[in-house]
Each structure stands twice: as C-alpha cells, then as structure tokens.
Amino acid sequence: MTESKHKNPILDIEKLPKHIAIIMDGNGRWAKSKHKNRLEGHKKGVKALKDIIKTCIDINIKCLSAYTFSTENWKRPKSEVSFLMNLLEIMIKKEVKNLKENNVKVNIIGNKQKLSKKLIEKIELIESKTNNCTGMILNLMINYGSRDEIINAVNQIKNNKTLSNKTITQDIFQNYLYTQALPDPEILIRTSGEKRISNFMLWQISYSELYFTDTLWPDFTQNELLDILIDYQDRNRRFGGL
Ligand code: IPE
Ligand code: IPE
Ligand code: MG
C-alpha cells in the first residue's frame with residue numbers, strides 16, 4: 001500500500017479503531033524464502049508481534065487480538081507444534097514485566113484443555129499479573145477456533161439452568177463467547193496473501209473491515225499497520241444502512 005492513494009494521508013487520532021484483529025500468517029514461507037528452517041520464521045514472527053504490540057500501545061489502540069495458534073494447527077508435525085508451544089511459553093514469561101509496565105491486560109483466549117501444564121502456568125501468571133491493567137487489552141489466541149468457541153458457548157448456555165426458559169438473544173449469546181464483552185474488531189488484517197478466515201472470530205468479524213496483504217508476517221511493520229489505519233479512515237462503514 002502506498003500513501004499517495006489515500007484521500008487524507010494523515011492518521012486521525014480521533015478516528016482510530018478500538019479493536020484490531022490480526023491473522024499472523026506466513027512465517028513458514030518467510031523462512032523458506034530466506035532458505036531457513038520454518039522455525040526461524042516463527043521466531044521472527046514473535047519479533048514482529050512485539051513490534052506491533054508496541055505500535056498499538058503508542059497510538060492508544062484499546063484492544064489487539066492476535067491469532068497465534070489455531071485448533072487446526074495441531075495437524076502440523078509434532079516437532080513444529082512443540083517448538084511453537086515452547087516459543088509461546090518463553091514469550092509469555094519474558095513479556096510479563098514489560099506488558100505490565102505498559103499497562104497492557106493480557107487475555108489468553110482459546111480452549112485451554114489441550115495445553116500443557118507448563119504453558120497454563122505461564123498463562124495464569126501473565127493473566128493475573130496484568131489483570132488490573134487498564135491501558136490496552138491484548139488477546140493472544142492460543143488453541144483458538146471460532147467454531148469451538150461457538151459450540152462452547154452453546155453448551156454453556158444449554159447447561160445453565162437460569163437460562164432454560166429464556167429466549168437467547170445476540171447479547172446473551174455474545175457473553176458466552178471467549179471474547180465476551182469486548183467490542184467487535186473494526187479491522188481484521190491477514191498477512192501472507194491468503195484470502196481466507198481460517199476459523200478466526202467468525203461471529204465477531206461480521207462487520208469488520210477486511211485487509212489482506214501479501215506481506216509475510218515476519219516482514220509486517222509499524223508502517224504497514226499505520227497505512228492500513230489511514231485507509232480504514234477513508235472507508236464508508238454502513239452496517240446495512242445507507
Ligand atoms: C503462521 O505462519 C503461524 C502459525 C499458523 C502458527 P505459518 O506457519 O502458517 O506460515 P506459512 O503459512 O506456512 O507460511
Ligand atoms: C491461521 O493460519 C492460523 C494462525 C495464523 C495462527 P494457518 O496457516 O493455520 O491457516 P491456513 O491453514 O493457511 O488456512
Ligand atoms: Mg499459514
């Protein structure tokens with residue numbers, strides 16, 4: 001994307017989205033293009049995520065949701081899965097202090113049942129240490145799948161006796177999603193050139209503005225994010241109205 005195509009190439013602080021969601025894709029292809037092992041791509045991907053978190057903090061984005069590991073990613077070779085789990089564990093442990101200092105509240109979102117005890121310990125640590133932070137909310141989706149989230153909501157509602165005679169509205173239903181009271185993302189970004197959603201936030205992105213970029217996730221920079229935000233400010237969001 002280039003700045004010249006925007007009507008107003010200046011970021012308007014008053015018109016920022018509250019919630020940005022990102023499908024961080026392309027780590028493996030980034031590594032391949034550099035004749036490196038896929039795992040190097042994941043390491044570089046963590047670095048890119050840290051930079052984007054910092055940018056979002058700097059420009060005062062209220063919520064960032066990052067798709068980190070899907071319910072389908074278990075299909076990958078065992079060695080890659082364990083590398084990713086280990087990388088997440090290290091990253092989460094390492095970032096507690098920094099995120100807390102930056103007033104970032106971290107939520108790990110997804111089905112935790114399948115995660116290792118060690119990873120769950122780190123998750124509980126970062127969630128409790130940052131629980132009172134009031135700046136940005138950072139959602140890291142780990143073992144997240146939107147269909148799993150929706151089915152989990154249905155089962156919780158089904159098993160809740162206080163709801164048995166109630167008509168389930170969208171507002172009630174939403175409260176049982178992993179994202180609960182968070183506002184829907186105004187923007188969904190997917191890197192790596194793939195134009196699909198891959199089971200990410202299906203309910204929440206009903207009216208999100210979609211951005212597909214060919215950039216591979218490890219190469220995604222602050223400038224590209226700012227460019228997307230400038231473009232977003234020119235979009236006409238109608239929500240079905242006129
Ligand atoms: C995204 O990069 C990271 C995860 C899905 C965990 P990929 O690992 O999917 O990279 P590509 O798509 O193979 O290039
Ligand atoms: C989506 O990427 C999941 C994450 C970015 C964590 P994938 O690489 O798993 O998606 P597909 O397989 O290309 O649809
Ligand atoms: Mg991929």
Side-chain angles (χ1 to χ4, degrees), residues 19-53 56 63-95 106-116 118-120 122-123 126 138-152 177-179 185 187-205 208 210-221 224-225 228:
H19 186 173
I20 298 174
I22 309 185
I23 302 174
M24 308 179 292
D25 196 16
N27 293 351
R29 277 162 285 167
W30 179 90
K32 196 170 179 209
S33 75
K34 301 254 180 304
H35 308 286
K36 291 177 195 251
N37 187 298
R38 287 180 61 80
L39 309 183
E40 289 298 320
H42 294 315
K43 275 203 222 161
K44 201 75 182 21
V46 168
K47 167 87 178 58
L49 175 59
K50 283 191 202 166
D51 289 350
I52 292 307
I53 293 171
C56 289
C63 182
L64 173 67
S65 293
Y67 203 5
T68 312
F69 191 93
S70 76
T71 46
E72 287 71 46
N73 287 147
W74 300 102
K75 291 178 195 159
R76 296 186 178 200
K78 252 192 171 156
S79 54
E80 181 165 341
V81 169
S82 60
F83 182 87
L84 281 166
M85 290 297 151
N86 206 28
L87 192 65
L88 285 171
E89 231 183 276
I90 294 169
M91 179 192 83
I92 290 172
K93 183 154 182 260
K94 231 170 124 186
E95 290 306 307
V106 181
N107 296 324
I108 308 295
I109 293 191
N111 192 329
K112 296 193 179 109
Q113 281 167 18
K114 230 176 149 177
L115 305 181
S116 74
K118 266 167 59 203
L119 181 55
I120 291 182
K122 309 288 183 303
I123 289 173
I126 200 163
L138 171 64
N139 296 319
L140 289 180
M141 272 71 170
I142 303 180
N143 193 22
Y144 174 86
S146 202
R147 289 182 174 181
D148 172 69
E149 178 184 39
I150 289 169
I151 291 299
N152 177 64
L177 295 174
Y178 297 141
T179 47
I187 292 183
L188 171 70
I189 300 168
R190 182 174 187 143
T191 58
S192 90
E194 307 297 356
K195 290 169 192 70
R196 55 178 170 263
I197 303 300
S198 302
N199 204 8
F200 190 52
M201 297 182 97
L202 299 176
W203 173 280
Q204 297 89 338
I205 61 166
S208 301
L210 306 181
Y211 286 87
F212 296 102
T213 167
D214 287 340
T215 305
L216 302 171
W217 176 249
D219 288 330
F220 191 80
T221 59
E224 189 161 359
L225 178 63
I228 287 173

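Since the model is a prediction, treat every value here as computed from it, not as a measurement. Whatever order the structure lists them in is the order used to number ligands and atoms, beginning at 1. For this chain, numbers begin at 1 and follow the sequence in order.
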Undergrad: Who's the nearest protein heavy-atom neighbour of atom 2 (O) of ligand 2, and how far?
TA: R190 NH2, 3.6 Å
Undergrad: Give the atoms of ligand 1, by number and element, whose distance to some non-hydrogen atom of R29 is under 4.0 Å.
TA: 11 (P), 12 (O), 14 (O)
Undergrad: Would you mind running through ligand 2 and noting each atom that sits below 4.0 Å from a heavy atom of F69?
TA: 6 (C)
Undergrad: With under 30° as parallel and over 60° as perpendicular, where do the rings of Y67 and F200 fit, or are they tilted in between?
TA: parallel
Undergrad: Check if G26 has a non-hydrogen atom at a distance under 4.0 Å from any atom of ligand 1.
TA: yes
Undergrad: Taking the side chain as everything from C-beta on, heavy atoms only, tell me whether S192 gets closer than 4.5 Å to I23.
TA: no
Undergrad: Considering the heavy atoms of N27, write down every atom of ligand 1 situated less than 4.0 Å from one of them.
TA: 1 (C), 2 (O), 3 (C), 7 (P), 10 (O), 14 (O)
Undergrad: Could you check whether any side-chain heavy atom of L88 comes within less than 4.5 Å of a side-chain heavy atom of L140, counting everything from C-beta outward?
TA: no
Undergrad: Numbering the atoms of ligand 1 from 1, which are under 4.0 Å from a heavy atom of H42?
TA: 3 (C), 8 (O)
Undergrad: Between the side chains of N107 and N139, is a donor N or O closer than 3.5 angstrom to an acceptor N or O?
TA: yes
Undergrad: Suppose we measure from atom 12 (O) of ligand 2 to each protein heavy atom; which comes out shortest, and what is that distance?
TA: R196 NH2, 4.6 Å
Undergrad: Is there a side-chain contact between L216 and T191 in this structure, where contact means two heavy atoms from C-beta onward sitting under 4.5 Å apart?
TA: no
Undergrad: Does N143 reach the side chain of K112, with side-chain heavy atoms less than 4.5 Å apart?
TA: no
Undergrad: Would you indicate whether the side-chain heavy atoms of M201 and Y178 approach each other to under 4.5 Å?
TA: no
Undergrad: Output yes when the distance from some N or O of ligand 1 to some N or O of N73 is under 3.5 Å, and no in every other case.
TA: no
Undergrad: Please report whether ligand 2 has a polar contact with E194, defined as an N or O pair separated by less than 3.5 Å (distance criterion only).
TA: no
Undergrad: What are the atoms of ligand 1, with element, lying closer than 4.0 Å to any heavy atom of T68?
TA: 6 (C)
Undergrad: Could you name the option among M24, R76, K32 that has the heavy atom nearest to atom 5 (C) of ligand 1?
TA: R76
Undergrad: Would you mind reporting whether I205 and I197 have side-chain heavy atoms less than 4.5 Å apart?
TA: yes
Undergrad: Would one find an N, O or S atom of D25, in either backbone or side chain, under 2.8 Å from the Mg ion (ligand 3)?
TA: yes
Undergrad: What I'd like to find out is whether the side chain of T68 reaches to under 4.5 Å of the side chain of Y144, using heavy atoms alone.
TA: no
Undergrad: Report the nearest protein non-hydrogen atom to atom 14 (O) of ligand 2: residue, atom name, distance rounded to 0.1 Å.
TA: S198 OG, 2.6 Å
Undergrad: Can you confirm, on distance only, whether ligand 1 has an N/O atom lying under 3.5 Å from any N/O atom belonging to G28?
TA: yes
